[in-house]
Amino acid sequence: MLSCRICRGRLHEFMDFGQQPLSSGLLDPEYLGDEFFFRLAVGVCGDCTMVQLTEEVPRHLMFNSHYPYLSSGSSVMRRHFEATAQHFLETELDGKDSFLVELGCNDGVMLRTVAEAGVRHLGVEPSQSVADLAHRQGIRVITEFFQESTATDIRKAEGHAQVIFAANTICHIPYLDSIFKGVDALLAPDGVFVFEDPYLADIVDLAAFDQIYDEHYYFFSVSSVSAMAERFGFELVDVERLPVHGGEVRYTIARAGRRTPAPAVAELLSRERERGLSELANLQGFVGRVERARDELVSLLRTLRADGRTVVGYGATAKSATVANYCGIGPDLVSFISDTTPNKQGRLTPGSHIPVRSRGEFENPFPDYAVLFAWNHAEEIIAKEQQFRDSGGKWILYVPDVRVV
Ligand code: SAM
Ligand code: TMP
Ligand code: ZN
């Protein structure tokens, strides 16, 4: 029997993507040896409603000195995190000697603003590749996995934090018991633990099956996060829906009884209950939509290639690993993927072995079609790639359904 990683309740598996590689495990073309594969499957807990993977990939295989993802690659995300930092500076961090700790600070996209304001901060970032980039900008960062022991060390050396923040990181961490113990050790009595991650309701509504990959271990909802917070002695006191990365929620958690919960918590919770968001039957419905999207996408790509059209990909996202490997899309259907990340260029995508090339190659010449694997940045990308459209190029999207625009 599968059991929930949070509460040990019974886990009901509802989707199986089969064997999948490490989503950020891009390969050097000269090294095409063994790749790591694991079974990517998702289940929902019948007790606490947490949606989660059924298998855990060892963390050092994903987050290490080769981790390529750069948070600052999107101008929309840079603005989003500037505004986030500004919000903390004006609210929680207005006391003297305030201290903010960020888990998974990546290249410093958020902490930059905090550092520039001269506010005490610390990034905890296990991936050396990106932690170095933050450090080089004068941001204080330690290259560690956050867990209970890290938190205790930080508290001893630096005192309590008023804010512990994490974006697109908490859902990456299976061992949340240790994270909450760490937060308990490090957070000031009236401090807040704030994290934002893809929202289960948006994933289901958009049939965004590519949000499911090794690094995304949990798919949070207000219901599951609220139960988890309570379990670890905390309370969910605010929620805010965010338009980034295809739809996220920012959860604000405080020690139980320290803050009055905002009405938004009960509102979103009742909307989730009304629609039966975490009910197995509804989640099983998601599977049918995903299978249809897969079949339509593959058939569209095959037809285009048979008609002699040129087709490339745009954005060698971690999400695209699930799309390519689950749909069976290789270099025969998508010749290469254009991506601005230096550490992805010149490599091959995991499992599917599609070459990743620089943005320059995208316009040399523009292809007939481009599969927008970075669909979560669609507005930004489509606006800046107007020339592709002007040249007659068309975008292929597969979320929420397969279409050519
Ligand atoms: N916060 C950035 C953002 O929103 O763009 C980065 C998100 S990135 C998808 C996830 C980050 O979490 C990676 O940089 C990874 O190294 C980091 N990470 C993974 N496990 C962690 C842990 N236990 N403690 C702190 N950071 C962790
Ligand atoms: P993400 O969806 O996980 O944020 O990843 C976005 C990927 O797409 C990342 O590898 C960078 C790439 N990218 C581009 O190549 N051009 C762009 O304009 C943007 C915003 C992202
Ligand atoms: Zn559970």
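Everything numeric here is computed off the predicted structure, so don't read it as measured data. Indexing begins at 1, ligand by ligand and atom by atom, following the structure's order. As a basis for the values below, the full set of heavy atoms in this structure was taken, side chains included, without hydrogen atoms, waters or symmetry mates.
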Protein contact to [atom] [nearest heavy atom, distance to 0.1 Å]:
atom: atom 24 (N) of ligand 1; answer: F146 N, 2.9 Å
atom: atom 3 (O) of ligand 2; answer: Y69 CE1, 3.4 Å
atom: atom 18 (O) of ligand 2; answer: K384 NZ, 2.4 Å
atom: atom 10 (C) of ligand 1; answer: N168 O, 3.3 Å
atom: atom 10 (O) of ligand 2; answer: D339 OD2, 2.6 Å
atom: atom 15 (O) of ligand 2; answer: T340 N, 3.0 Å
atom: atom 8 (S) of ligand 1; answer: Y67 OH, 3.4 Å
atom: atom 7 (C) of ligand 2; answer: T317 CG2, 3.6 Å

E380 N/O under 3.5 Å from ligand 2 N/O: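 Not met; the criterion fails.
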Min N/O separation S74 to ligand 2 under 3.5 Å: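 In fact, backbone or side chain, S74 has no N or O that close.
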Provide the number and element of each atom of ligand 2 under 4.0 Å from a heavy atom of [X].
X: G315; result: 8 (O)
X: T341; result: 9 (C), 10 (O), 11 (C)
X: K344; result: 9 (C), 10 (O)
X: H245; result: 4 (O)
X: N376; result: 1 (P), 2 (O), 4 (O)
X: H377; result: 1 (P), 2 (O), 4 (O), 6 (C), 20 (C)

For the student: nearest non-hydrogen atoms of V204 and R289, plus distance: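 In this case the closest contact between V204 and R289 is O-NH2, 2.8 Å.
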Over all atoms of both residues, closest heavy-atom pair of E102 and A167: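 For E102 versus A167, the nearest heavy atoms are OE2-N, 4.4 Å.
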Would [X] count as a polar contact of ligand 1, with the cut-off being nitrogen or oxygen pairs under 3.5 Å?
X: A167; value: yes
X: S71; value: yes
X: V109; value: no
X: F145; value: no
X: E125; value: yes
X: T169; value: yes
X: S127; value: yes

Centres of the [X] and [Y] rings: under 6.0 Å?
X: F88; Y: F165; value: yes
X: Y314; Y: F388; value: no
X: F220; Y: Y218; value: yes

Assess the side chains of [X] and [Y]: does a donor N or O sit below 3.5 Å from an acceptor N or O?
X: R250; Y: T84; result: yes
X: T322; Y: D210; result: no
X: S223; Y: S278; result: no
X: Q86; Y: T113; result: no
X: E248; Y: H80; result: no

Pairing residues for D28 by the salt bridge (charged side-chain N to carboxylate O under 4.0 Å, His left out) criterion, not counting sequence neighbours: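 R347.
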SG (C4) to the Zn ion (ligand 3) to SG (C48) angle, given to the nearest 10 degrees: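 So the angle at the metal works out to 110°.
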Apex the Zn ion (ligand 3) - arms SG from C7 and SG from C45 - angle rounded to 10°: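 Between SG of C7 and SG of C45, at the Zn ion (ligand 3), the angle is about 100°.
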Residue selection (non-hydrogen contact nearest atom 2 (O) of ligand 2) among K319, E215, R78: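 Closest candidate by heavy-atom distance is K319.
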Nearest option to atom 20 (C) of ligand 2, as decided by whichever heavy atom of P68, S24, A378, G73 sits closest: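 Closest candidate by heavy-atom distance is G73.
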Region of R359 engaging ligand 2 - heavy atom pairs below 4.0 Å: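 Near ligand 2, R359 shows nothing, with every heavy atom at 4.0 Å or more.
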Residue-ligand contact I173/ligand 1, heavy atom below 4.0 Å: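 Yes; I173 lies near enough to ligand 1 that a heavy-atom distance drops under 4.0 Å.
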Pair E279 + R275: basic N to acidic O under 4.0 Å: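 Not counted as a salt bridge, because no side-chain N and carboxylate O are separated by less than 4.0 Å.
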Within 45° cone of F336 ring axis and under 6.0 Å: R357 NZ or CZ: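 Because its charged atom sits under 6.0 Å from the ring centre and within 45° of the axis, R357 does stack over F336.
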Quiz item: cation-pi between R59 and Y175, 6.0 Å / 45°: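 Satisfied, under 6.0 Å and within 45°.
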Any side-chain heavy atom of [X] within less than 4.5 Å of one from [Y]?
X: I212; Y: L53; result: yes
X: W395; Y: E385; result: yes
X: N343; Y: Y67; result: no

Element-labelled atoms of ligand 1 that are located less than 4.0 Å from some non-hydrogen atom of Y175: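 Once the distances to Y175 are compared, the set is 23 (N).
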Those atoms of ligand 1 less than 4.0 Å from some heavy atom in V124: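 The atoms of ligand 1 under 4.0 Å from a heavy atom of V124 are 25 (C), 26 (N).
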For ligand 1, the portion of F63 having any non-hydrogen atom under 4.0 Å away: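 Side chain only.
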Under 3.5 Å: donor-acceptor pair, side chain of Q387, backbone of F366: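 Such a contact is absent between Q387 side chain and F366 backbone.
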